[in-house]
Amino acid sequence: MKVLFVAGDPKPERWTVPIKELLPEAEVHVWDPDGPAIDADYAIVWQPPAKLFEREKKLKAVFNLGAGIDGLLKVPNLPEDLTVVRLEDAGMSVQMAEYVLHQLLEASRGMETYREQQRQGIWKIHRPIKRSEWPVGVMGLGHIGKRVARTLADLDYRVNGWARSEHDLDGVRTYAGADELGEFLKSTRVLVNTLPLTDETRDIIDYELLSQLQPGAVLINVGRGEHLVEDDLLKVLDEGKLVRASLDVFRKEPLPEGHPFWQRNEITITPHISARTLRDATLEQITGKIRDHARGLTITGIVDTSRGY
Ligand code: NAP
């Protein structure tokens, strides 16, 4: 079996050495942009070049080194019938739950107020929060959204969840499809986006959507930058409909110098770190699936390319 590693890591051996250990039966190659076809059976990729699919015609499946496959589906020449497999959790959902909880607490527990008081040497206690005043709404109830929703529900926050299909989640009030989006938004003050980027979800977080949230609204975007209409975010902040936004993903990354987001106190910016790919857990998952696929067993995480996730 031949496995081809295609990711722009300057030290590919960090990946290929463990792949060889986990999959001793495989011949492991690193992508050479100028090399010949190796007739790989499987490719493990992150943002691969279009040339990959021109050259490697015998691929049985391609494994993405991330949960979001919006980038991969855009690559020209990706054969329509090729099996595309995304990463399923692999240590990301716990990181995401942690990140979202942190951003939520910044808002709900007013942590900036206490930092400011410290700067001024003030000891002042504010009233405890009422959880009923901080209903959270999680868009997307997949591997990541579910874990986020469950974590916040365990801390007694009121949690709403919205997905394409119906879900039944303990402690979470769930809504499904475009018809129930309005109800979901009306019941939500802190909106958390964990959706995948698809034709249906691109630009979904716009002025109209943000305006439907409860007063004093907060946005936490850990999905993709292209979910958010940036000018609309600035508009709702200016109008006071939204009081705070924590953004981990942006339409253009790195966020360009001089972008208006940098100057806004109400916006917290992090450089796409809310859930990092963890090499060990990732390779264990992918090599396990390669082995199962090669044996003709069913594997999970196959992307429905017509749906886009
Ligand atoms: P997933 O398991 O595929 O879950 C996707 C969820 O979104 C599902 O619940 C799905 O609904 C819902 N959904 C998709 N299209 C929808 C639509 N049109 N309307 C309503 N709901 C819709 O994905 P995941 O593993 O949780 O990952 C989600 C995304 O997180 C990734 O695609 C990626 O963009 C992002 N991510 C970001 C980072 C970061 O560091 N910032 C890291 C990892 C992932 P159904 O349940 O009904 O199918």
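By convention here, the first residue in the shown sequence is residue 1. In listed order, ligands and their atoms are each counted from 1.
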Given the ring of Trp15, does Arg279 sit roughly above its face, with NZ or CZ under 6.0 Å from the centre of the six-membered ring and within 45° of the axis? yes

Using the ring of Tyr309 (Phe, Tyr or Trp, six-membered ring only), decide whether Arg307 places NZ or CZ under 6.0 Å from its centre and within 45 degrees of its axis.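 Here Arg307 passes the 6.0 Å and 45° test against Tyr309.
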
#### Entry: Atom pair CG/NZ of Leu283 and Lys20 - distance to nearest 0.5 Å
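Answer rounded to 0.5 Å: 13.0 Å.
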
If you measure from the Lys or Arg side-chain nitrogens to the Asp or Glu carboxylate oxygens, is any gap between Arg164 and Glu200 under 4.0 Å?
yes

Over 60° means perpendicular and under 30° means parallel, so tell me whether Tyr42 and His293 are parallel, tilted or perpendicular. perpendicular

Contacts satisfying side chain to side chain donor-acceptor pair (under 3.5 Å) that involve residues 55-76 (not counting sequence neighbours) are Asp41-Lys60, Asp70-Arg224

Output for ligand 1, non-hydrogen cut-off under 4.0 Å, lists Ala67, Gly68, Arg86, Met92, Met96, Gly140, Leu141, Gly142, His143, Ile144, Trp162, Ala163, Arg164, Ser165, His167, Thr194, Leu195, Pro196, Glu200, Thr201, Val222, Gly223, Arg224, Asp248, Val249, His272, Ser274, Ala275, Tyr309

